[in-house]
Q: 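Take this structure, written in structure tokens, and hold onto it; I'll ask about it next.
Hydrogens, waters and symmetry mates play no part in the numbers below; they use all other heavy atoms, side chains included. Because the structure is predicted, anything quoted here is derived from the model rather than measured.
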Amino acid sequence: RFEPPKEQGAGPVIVIIDESASMAGEPAHMAKAIGVAMADVAAADGRAAAIIEFSGPAELRVTELPIRGRDPRVVAELLEHFFGGGTDFDGPIGTAIEMVYAATYDAADIIVITDGQETVAPGIATKLAALRADRDLRLFHVAVGIDGGAMAEIADAVWSDVSLSEEAPAHAVLAALVDATHRDGRR
């Protein structure tokens, strides 16, 4: 049976948001605004979306945002929640990998918004490389106040030294992410 090639940019969006103590306040608020906006863009395109909030090793929460019929209470709870612990990338990236293996999140664009510079376990990096080849996965990194850190080594694209504050609105980063996740340039 012939299957036409997948449209580029037609995959779901998984936004991973760092909720470590160093992201408290405006950076976390702006990161969540970007996450919810990317979920809205995905929904408008008929694409699935999820937001993974994380902090230390045992602090991880996944919120799937449906394409239609989104409950505003779920979004409000997402916006209000904050862990405030350390930073551990392996949990949220491992969770995103598991979601990609599920059919709903095949060919996902994963966006990581963090100020953390921790490394990712070699096994996680290997799985990401395999998913890039097998499932058309891409990883984008929004580096908040840093030059990219260790995440830059495994990301397909990095926005470095991003300031997420009232003085530096997130709209430019959001516009760049929308363009990047629409691989063929369509909106």
Side-chain angles (χ1 to χ4, degrees), residues 6 9-24 27-28 31-32 34-36 38-39 42 47-67 74-75 77-79 81-160 162 164 173 177 180-181 183:
K6 291 180 187 170
V13 173
I14 300 171
V15 182
I16 299 175
I17 299 174
D18 180 353
E19 290 189 358
S20 63
S22 60
M23 286 284 290
K32 289 185 181 209
I34 290 170
V36 171
M38 288 304 299
R47 301 160 64 192
I51 295 178
I52 301 173
E53 301 161 277
F54 78 98
S55 188
E59 298 171 314
L60 185 134
R61 193 169 88 144
V62 177
T63 303
E64 294 188 72
L65 298 170
I67 294 170
V74 171
V75 175
E77 183 180 321
L78 171 79
L79 295 173
H81 180 268
F82 189 77
F83 282 119
T87 306
D88 176 40
F89 291 133
D90 293 342
I93 294 177
T95 298
I97 287 170
E98 291 171 13
M99 293 169 75
V100 171
Y101 279 122
T104 307
Y105 291 93
D106 197 29
D109 286 325
I110 299 174
I111 301 163
V112 180
I113 306 172
T114 181
D115 66 352
Q117 298 194 37
E118 286 71 17
T119 59
V120 175
I124 299 280
T126 301
K127 287 179 182 178
L128 281 171
L131 286 173
R132 280 189 176 97
D134 297 341
R135 303 278 181 116
D136 198 25
L137 172 128
R138 294 189 315 162
L139 179 72
F140 302 100
H141 178 212
V142 178
V144 180
I146 59 172
D147 65 359
M151 188 67 63
E153 297 172 15
I154 62 169
D156 294 293
V158 178
W159 288 267
S160 294
V162 173
L164 296 181
V173 172
L177 285 169
T181 59
R183 301 174 198 190

Q: Does some side-chain heavy atom of I17 sit less than 4.5 Å from a side-chain heavy atom of I51?
A: yes

Q: Walk me through whether Y101 and L131 qualify under side-chain contact (heavy atoms from CB on, under 4.5 Å).
A: CA-CA 8 Å; Y101 279 122; L131 286 173; 3.6 Å; yes

Q: What I'd like to find out is whether the side chain of I14 reaches to under 4.5 Å of the side chain of V100, using heavy atoms alone.
A: yes

Q: Taking D156 for the side chain and L139 for the main chain, is one N or O donor matched with an acceptor at less than 3.5 Å?
A: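 Between the backbone of L139 and the side chain of D156 there is a qualifying donor-acceptor contact (under 3.5 Å).
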
Q: Below 4.5 Å, heavy atoms only, C-beta onward: do D115 and D18 meet side chain to side chain?
A: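 D115 vs D18: side chains touch.
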
Q: Taking all atoms of both residues into account, what is the closest heavy-atom pair of G84 and S55, and its distance?
A: C-OG, 4.0 Å

Q: Would you say the side chain of M38 lies within less than 4.5 Å of the side chain of L177, judging by non-hydrogen atoms?
A: yes

Q: List the steps and the verdict of side-chain contact (heavy atoms from CB on, under 4.5 Å) for V13 and R47.
A: CA-CA 7 Å; V13 173; R47 301 160 64 192; 3.5 Å; yes

Q: Provide the closest heavy-atom pair for M99 versus A50 in the form atom of the first, atom of the second, distance.
A: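 The pair with the smallest heavy-atom distance is CE-CB, 3.4 Å.
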
Q: Does E59 reach the main-chain N or O of G56 with its side chain, forming a donor-acceptor pair under 3.5 Å?
A: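 Side chain of E59 to backbone of G56: a pair is present.
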
Q: Locate the shortest heavy-atom distance separating F54 from F83; write the atom from each residue and the value.
A: C-CD1, 3.9 Å

Q: Over all heavy atoms of both residues, which pair between K32 and F82 is shortest? Give the atoms and the distance, please.
A: NZ-N, 4.4 Å

Q: Minimum heavy-atom separation for A125 and V120, please, with both atom names.
A: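 Closest pair (atom of A125, atom of V120, distance): N-CG1, 4.2 Å.
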
Q: Looking just at side-chain N and O atoms, do T181 and D109 make a donor-acceptor pair shorter than 3.5 Å?
A: no

Q: Is there side-chain contact between L60 and V62, with at least one heavy-atom pair below 4.5 Å?
A: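 With C-beta onward as the side chain, the pair touches.
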
Q: Out of curiosity, L79 CG to E53 CD, how far, rounded to the nearest 0.5 Å?
A: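 Going from the CG atom of L79 to the CD atom of E53 covers 8.5 Å.
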
Q: Does the side chain of D147 come under 3.5 Å of the side chain of S160 through a donor N or O and an acceptor N or O?
A: no

Q: Taking all non-hydrogen atoms of both residues, which atom of F89 and which atom of T119 are closest, and how far apart?
A: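 Nearest heavy atoms, F89 then T119: CD1-O, 4.2 Å.
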
Q: What verdict does the side-chain contact (heavy atoms from CB on, under 4.5 Å) test give for H81 and E19, after you've listed the backbone C-alpha separation in whole Å, the side-chain angles of each residue and the deciding distance to 0.1 Å?
A: CA-CA 9 Å; H81 180 268; E19 290 189 358; 3.0 Å; yes

Q: Using side chain to side chain contact (heavy atoms under 4.5 Å, CB included) as the criterion, point out the one residue from M151, K127, E98 that pairs with I93.
A: M151

Q: Taking R138 for its side chain and A107 for its backbone only, find out whether a donor-acceptor pair lies under 3.5 Å.
A: no

Q: With a 4.5 Å heavy-atom cut-off, do I16 and I110 have their side chains touching?
A: yes

Q: Run the side-chain contact (heavy atoms from CB on, under 4.5 Å) test on V144 and I146 for me, step by step, so that the C-alpha distance in whole Å, both residues' side-chain angles and the decisive distance to 0.1 Å come before the verdict.
A: CA-CA 6 Å; V144 180; I146 59 172; over 6 Å; no

